[in-house]
Amino acid sequence: MIKILDRIFKYIGIGAVLLGLIVLAVLVLDVVRDGFPRLTWDFFTSYPSSKPEQAGILSAWVGTLWIMLTTAALTIPLGIGAAIYLEEYAPKNRWTDFIEINIANLAGVPSVVYGILGLGLFVRALHMDRSVLAGSCTLALLVLPIVILSTREALRAVPSSIREAAYAVGATRWQAISGQVLPAAFGNILTGIILAMSRAIGETAPLVTLGALTYIPFLPTPPVSVSPSFPYVNFSLKGLLDPFTVLPIQIFNWVSRPQKGFLICAAAGIIVLLIITLCLNGAAIYLRHKHQKNW
Amino acid sequence: MKPYFQEREKKMLVAAEQSKPSIKITDHIYAGNSANMRNGDTKIQVERFSFRYGANKVLKDVSLNVRAREVTSIIGPSGCGKSTLLRCFNRMNDLIAGTRADGNILIEGQDIYDPRVDVVELRKKVGMVFQKPNPFPKTIFDNIAYGLRINGIRQKSEIIQRVEQSLRDSALWEEVKDRLTDSGLSLSGGQQQRLCVARALAIQPEIVLMDEPASALDPIATAKLEELIVRLKEKYTIVIVTHNMQQAARISDKTAFLMQGEMVEFGVTKDIFTKPTKKITEEYITGRFG
């Protein structure tokens, strides 16, 4: 009898796994069938257009790149810094317990709430308008708890014997952290950051709330440009204050159009987004395996 | 406290008091003056030292004298506080929250629990080898070079020379000289532990603390390590905590027997093992409990 129950449960389990996989496979197949023929060079180098067959994702992928790089630049130092403080320096008392619980809670707040915060704080109060910077700040807030939590986890996984060994040869706290603990935790920290970024790259709601535009026929000012006269190469961060769109918003916009052609554009955009996410997650898994250590 | 112990300890304290150099607390207390220390001079002097984790008092009024360039072993049953005592000598217990130390530990006459003492400087002078080999997850070379670099040695040639010297001192050089860039974790347990010894020696400490360094090693690796410890005594003062009484008998000059946080007996190793003054010491070393 117990053996039969065991077997029944096994089949229920297999069924549950298959159901999820099949639904996913059907979705992916459907999207690929619709969108794959649309994935041409022109699709990547064209701006959005009112004619579906001419529309492309140039401004969307460039915008996504801008947003991701800026978000990473904001999140990585803040997240790792906060995690190091909480894990290595902060005294263990009620106050830090309180902070800890709140960070865990923040990781679960719906993203649209961050959008509203970003709209009020960055777009309006700080006059960033609907810029790359405002979008990145909002996404940075959104993924910051994830980065902090995963970095703390990574630091905690470094055995205390490593810290003791460093202290025993006369390391200060920072020398122990920078010389031994951080390098030992590097792989896991990087994994956490990549997973946080792959979450950020697909976020639509907060950016829509922020008022990111859906039709952008130009790119943010490039960070590096070449000119024929001195100084020949110009560096500029003006692009941070330019308006932007990102892939998920572009897709969202196309899906809501009535024309069939835009649905095909959306499918092609989804493929691009899926591939990026897949690459990021794959990199995270690879790093996790590579840096697995036996202490 | 037991009368014999008191009398003996008192004599030692008096002797130590007389030979104690009158060091004032300065920023340079650990700069040296050890070079002119003679063999047998008091190196570590523990005076009525108590230590507690929260409400749990693990060391009670312990007194003990460690002399320069001797091997002093601390034995006792599990949980008697011997590791705690050892970890007080380089204040490794500071890493644990809610601890409290009373009484004094003087190293070369300097109270190491004085709030003005720089713990980082103290640890440069009092090296440590741990129970479980704990090499850094880095190359063999970097395992040793790390300590040198954080101690401000920048010159590549000097780092290379001192890495080699400490590997020779720890009798590991011949085994690893062709694979210095391999991970420290790729070595066998015994080799890892000798790497940890080399790491401790590289920064030229004066005292080396060893916390059951052979407990994770096989007999052959243990024999090698013991040989090494006896050899190191020429240059260093060694305090070793061990579970293994034969080991204490083999390698140490003085032995301290600790039980339930109290110093039961302390003296010349041979005396402790051949004619212990306390019944309980005799029972412990003959293996009737522990």
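In what follows, every chain begins at residue 1, and chains take the letters A, B, ... in the order their sequences are listed.
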Checklist entry - At a heavy-atom separation under 4.5 Å, does B:Val119 approach chain A through its side chain, its backbone, both, or neither? => result neither

Next on the checklist: Please find the pair of heavy atoms, one from A:Ala168 and one from B:Met128, that lie closest to each other, and give the distance.
Outcome noted: CB-CB, 4.0 Å

Item to check | Interatomic spacing from CZ in A:Arg163 to CE in B:Met92 - rounded to 0.5 Å | outcome: 12.5 Å

Next on the checklist: Closer than 4.0 angstrom, basic N to acidic O: yes or no for B:Arg87 and A:Glu164?
Outcome noted: yes

Checklist entry - So with a 6.0 Å cut-off around CZ of A:Arg288, is the heavy-atom count from everything else above 12? => result no

Checklist entry - Could you state the interatomic distance from OH (A:Tyr167) to CG (B:Asp94), rounded to the nearest 0.5 Å? => result 10.5 Å

Next on the checklist: Would you say that more than 12 heavy atoms from the other residues, nucleotides or ligands in this model lie under 6.0 Å from the CZ of A:Phe186, or not?
Outcome noted: no

Item to check | Closest contact, heavy atoms only, A:Val169 versus B:Ile150 | outcome: O-CD1, 3.8 Å

Checklist entry - So which heavy atom on A:Ala165 is nearest to which on B:Phe130, and how close? => result CA-CE1, 4.0 Å

Checklist entry - Got a sec: does the OH of A:Tyr286 have more than 12 other heavy atoms crowding it under 6.0 Å? => result no

Next on the checklist: Does any backbone or side-chain atom of B:Leu95 lie under 4.5 Å from a heavy atom of chain A? Answer side chain, backbone, both or neither.
Outcome noted: side chain

Next on the checklist: So A:Gln175 and B:Tyr146, do their side chains get closer than 4.5 Å, heavy atoms only?
Outcome noted: yes

Checklist entry - Can you name the nearest heavy-atom pair linking A:Gly179 to B:Lys138, along with the distance? => result O-NZ, 2.8 Å

Item to check | Donor-acceptor pair, side chain of B:Asn134 and main chain of A:Ile162, under 3.5 angstrom | outcome: no

List, one per line, each side-chain donor-acceptor pair under 3.5 Å for residues 100-109 of chain A, sequence neighbours excluded.
unit_1: A:Glu100; atom_1: OE1; unit_2: A:Arg152; atom_2: NH1; d: 3.3
unit_1: A:Glu100; atom_1: OE1; unit_2: A:Arg152; atom_2: NH2; d: 3.3
unit_1: A:Asn102; atom_1: ND2; unit_2: A:Phe98; atom_2: O; d: 2.8

